[in-house]
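Fair warning: this is a prediction, and the values are worked out from it, not measured in the lab. In what follows, chains carry the letters A, B, and so on, assigned in the order in which the sequence lines appear, proteins first and then strands, with residues in each chain numbered from 1.
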Amino acid sequence: MLKIYNTLTRKKELFQPLVAGKVGLYVCGMTVYDYCHIGHARVMVVFDTVARYFRYLNYELTYVRNITDIDDKIIKRAFENGEEYGRLTERFIDAMHEDERALSVLPPDIEPRATQSINDIITMIKTLVAKELAYVGTNGDVFYAVNNFKDYGQLSGKNLDDLQAGERVDVDLAKRNPMDFVLWKMAKTNEPAWDSPWGSGRPGWHIECSAMSTCCLGNHFDIHGGGMDLQFPHHENEIAQSEGATGEKFVNLWMHNGFVRVDDEKMSKSLGNFFTVREVLKQYQPEIIRFFILSSHYRSPLNYSDEQLNDAGTALTRLYTALRGVNIVADEIVDETYKTRFEQAMNDDFNTPVGLAVLFDLARDLNKAKSNDPEKISILATSLRQLAGLLGILQNDPDAFMKGSGDNESDDGKIEQQIQERLNAKIAKEWLLADKIRNELKEQGVILEDSPDGTTSWRRD
RNA sequence: GGCUGCGUAGCAAAAUGGUUAUGCAGUGGCCUGCAAAGCCAUCUACGGCGGUUCGAUUCCGCCCGCAGCCUCCA
């Protein structure tokens with residue numbers, strides 16, 4: 001039985017789909033004016049893992065993740081670059097998809113874009129205006145009137161009276177209430193704009209997600225997710241907009257993932273302490289990043305450091321070492337005990353660290369079977385690979401993983417050649433020469449492992 | 001000021017009212033020409049103070065510390 005932590009109730013709840021056997025999942029995606037950083041990678045990997053698990057449980061899943069391709073920062077960046085904003089967003093959407101593929105993140109079923117949803121957005125704003133939940137401010141922008149939505153604050157546990165509006169940012173005098181937020185923003189000269197009943201402008205940030213999610217999944221759907229920082233005001237505002245417009249409950253279950261931190265501080269664009277995915281990929285294999293992300297629970301903070309990434313690499317190598325040289329049989333059944341343990345972990349709010357612990361136990365069993373119980377090797381290896389597949393790891397060829405990527409093949413050839421020389425030295429019992437070759441390779445980050453049958457395998461450290 | 005959440009061994013990270021997490025690192029052993037990998041064994045824990053309980057790291061209260069949100073942010 002799958003249990004998921006619901007931010008709305010602050011409790012783990014038994015997951016009950018609105019329609020038996022089906023799940024609608026909406027996740028707030030990226031604003032595309034820069035490369036994805038590790039924090040974005042966490043959202044992608046976490047919800048990809050959630051999606052994989054729903055499918056594994058045989059749910060018919062519709063996974064929607066939007067792209068914010070128009071907003072103030074995009075306009076600003078495009079202006080700075082002297083670039084047309086649409087070109088800028090196309091570039092970064094492509095880059096995002098590249099990063100995604102690298103991290104074995106499967107594409108969502110629907111990837112709606114704000115600029116392609118303008119009609120739906122305008123329709124929703126019209127409804128809100130008609131219901132007096134929205135009004136035109138003194139500057140012509142359309143605002144949402146938070147005072148007229150009685151449940152405002154239900155998700156974040158905030159009380160309108162307790163919020164200190166204006167403490168950190170100037171209150172916009174065009175609004176009736178400082179907490180009111182913009183639905184439609186009037187365009188300045190030369191800004192991208194769309195026609196609307198309120199004049200030429202563009203949608204506010206929050207409204208696009210309300211419009212796109214209800215369009216793709218219906219007025220009322222199962223799960224909405226995103227980063228912790230979106231809880232307030234973004235998701236709170238989405239609830240106000242959607243429930244205000246449709247009169248129906250918006251979302252049953254809210255999932256929020258924790259932040260990636262650097263030196264115990266949130267990784268964010270505004271702090272400038274972020275590492276982009278492509279930057280990190282130069283140093284670490286993509287699977288190591290994925291493993292690193294899944295090694296902590298999705299709601300916990302995740303501290304980014306070289307030490308952590310190196311540990312993740314070592315740990316992953318242990319799993320691949322267990323699989324090395326073992327023949328995986330495609331139609332072999334998965335071991336029931338491990339399968340049950342793994343499912344119990346995942347059923348408990350997607351507890352991937354425990355899931356990984358199960359994989360390590362499995363790997364140890366497999367290593368033992370190699371010397372004790374050859375008949376079990378096949379089922380254990382297959383189980384390891386299949387269960388790991390639910391996390392999107394361990395699907396590569398073990399040798400390919402351990403020999404690393406990105407290095408050219410002539411290097412590999414040279415290494416093989418030196419290994420052969422060392423094997424000859426070993427046969428001649430010239431231990432000094434053999435050790436010298438091994439040390440030289442070690443200097444280059446190549447570790448040799450002799451096996452009992454007289455062959456030598458190697459991996460990159 | 002208001003609202004969340006967190007504090008576990010050298011590091012990372014889970015679960016749990018009484019019994020082994022797991023990975024890395026350390027120590028001892030097996031294996032090996034020596035290593036590496038692997039296997040076996042083993043040392044380091046639950047921020048502080050009270051309360052509930054036969055028993056609390058686990059539940060409750062208070063305190064201390066940390067992070068996040070209350071502006072855009074995944």
Salt bridge (Lys or Arg N to Asp or Glu O under 4.0 Å) between A/Arg438 and A/Asp435, intermediate numbers included: CA-CA 5 Å; A/Arg438 186 169 60 196; A/Asp435 290 353; 3.4 Å; yes

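- Put simply, the side chain of A/Arg52 gets close to the backbone of A/Gly389: a donor and an acceptor are under 3.5 Å apart.
- For RNA chain B, the neighbouring residues in residues 427-437 of chain A, judged by any heavy atom under 4.0 Å, are A/Trp431, A/Asp435.
- Counting non-hydrogen atoms under 4.0 angstrom, A/Ala315 reaches the backbone sugars and phosphates but no base.
- Of all nucleotides listed (B/A74, B/G5, B/A36), B/A74 comes nearest to the side chain of A/Thr31.
- A centroid separation of 6.0 Å or more is found between the aromatic rings of A/Tyr26 and A/Tyr63.
- Among the atoms of the strands shown, only primed sugar atoms or phosphate atoms (P, OP1, OP2) are found under 4.0 Å from some heavy atom of A/Ser156.
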Where protein sits on nucleotides 8-13 of chain B, one letter per nucleotide: B base, S sugar-phosphate only, - none, heavy atoms under 4.0 Å: ---SSS

Secondary-structure string, 5' to 3', Watson-Crick or G-U under 3.5 Å, | for another-strand partners, for RNA chain B: (((((((..(((.....[...))).(((((.......)))))....(((((..]....))))))))))))....

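- Residue A/Ile447 is classed as a sugar-phosphate contact, given heavy-atom separations below 4.0 Å to backbone atoms only.
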Side-chain donor-acceptor contacts of residues 415-427 of chain A below 3.5 Å, not counting sequence neighbours, with atom names and distances?
unit_1: A/Glu416; atom_1: OE2; unit_2: A/Trp458; atom_2: NE1; d: 3.1
unit_1: A/Arg422; atom_1: NE; unit_2: A/Ala434; atom_2: O; d: 3.3
unit_1: A/Arg422; atom_1: NH1; unit_2: A/Asp450; atom_2: OD1; d: 3.0
unit_1: A/Arg422; atom_1: NH2; unit_2: A/Asp450; atom_2: OD2; d: 2.9
unit_1: A/Asn424; atom_1: ND2; unit_2: A/Gln420; atom_2: O; d: 3.4
unit_1: A/Lys426; atom_1: NZ; unit_2: A/Asp450; atom_2: OD2; d: 2.9

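- For A/Lys368, the side-chain atoms get nearest to B/C40 when compared with the rest of B/C40, B/A74, B/A36.
- Of the candidates B/A14, B/G23, B/A37, B/A14 carries the atom nearest the A/Asn351 side chain, counting heavy atoms from C-beta on.
- Side chain of A/Arg10, nearest nucleotide from B/G5, B/C69, B/A74: B/G5.
- Proximity of A/Arg341 to the phosphate of B/A21: no side-chain N or O atom is located under 4.0 Å from OP1 or OP2.
- Side-chain N/O atoms of A/Asn310 include none lying less than 4.0 angstrom from OP1 or OP2 on B/C24.
- In this structure, the separation between OG1 on A/Thr352 and CZ on A/Phe342 is 8.5 Å, given to the nearest 0.5 Å.
- Side-chain atoms of A/Lys269 stay outside donor-acceptor range of the base of B/C72, with no qualifying N/O pair under 3.5 Å.
- Taking the centre and axis of the six-membered ring of A/Phe47, the NZ or CZ atom of A/Arg65 falls outside the cone set by 45° and 6.0 Å.
- Between A/Asp361 atom CG and A/Thr337 atom OG1 the span is 12.0 Å, to the nearest 0.5 Å.
- Only the C1' atoms considered, B/A13 is 15 Å distant from B/A25, to the nearest whole Å.
- For A/Arg318 and B/C39, the shortest distance from a side-chain N or O to OP1 or OP2 is below 4.0 Å.
- Among the heavy atoms of the strands, none lies under 4.0 Å from A/Met44.
- Phosphate contact (OP1/OP2 of B/C34, side-chain N/O of A/Lys426, threshold under 4.0 Å): absent.
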Check the interface with nucleotides 25-32 of chain B: list each N/O to N/O pair with the protein under 3.5 Å, or write none.
none

Residues A/Arg202, A/Glu191; criterion salt bridge (Lys or Arg N to Asp or Glu O under 4.0 Å); working and verdict: CA-CA 9 Å; A/Arg202 63 178 181 274; A/Glu191 282 184 351; 2.7 Å; yes

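- The P atoms of B/C6 and B/A45 are separated by 24 Å, rounded to the nearest whole Å.
- Every salt bridge (Lys or Arg N to Asp or Glu O under 4.0 Å) that A/Lys266 has, sequence neighbours left out, goes to A/Asp229.
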A/Lys73/A/Asp34 under salt bridge (Lys or Arg N to Asp or Glu O under 4.0 Å): CA gap, chis, key distance, verdict: CA-CA 10 Å; A/Lys73 277 172 296 194; A/Asp34 210 339; over 6 Å; no

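- Applying the 4.0 Å criterion to OP1 and OP2 of B/A37, one finds that A/Lys370 has every side-chain N and O outside that range.
- Between A/Tyr35 and A/Phe92, the ring centre distance stays below 6.0 Å.
- Within the 4.0 Å cut-off from OP1 or OP2 of B/A35, not a single side-chain nitrogen or oxygen of A/Arg438 is found.
- Looking at heavy atoms from C-beta onward, A/Pro353 lies in side-chain contact with A/Asn351 at the 4.5 angstrom threshold.
- Residue A/Arg364 places at least one side-chain N or O under 4.0 Å from the OP1 or OP2 atom of B/C40.
- At B/C39, one or more side-chain N or O atoms of A/Asn367 fall inside 4.0 Å of OP1 or OP2 (strictly under the cut-off).
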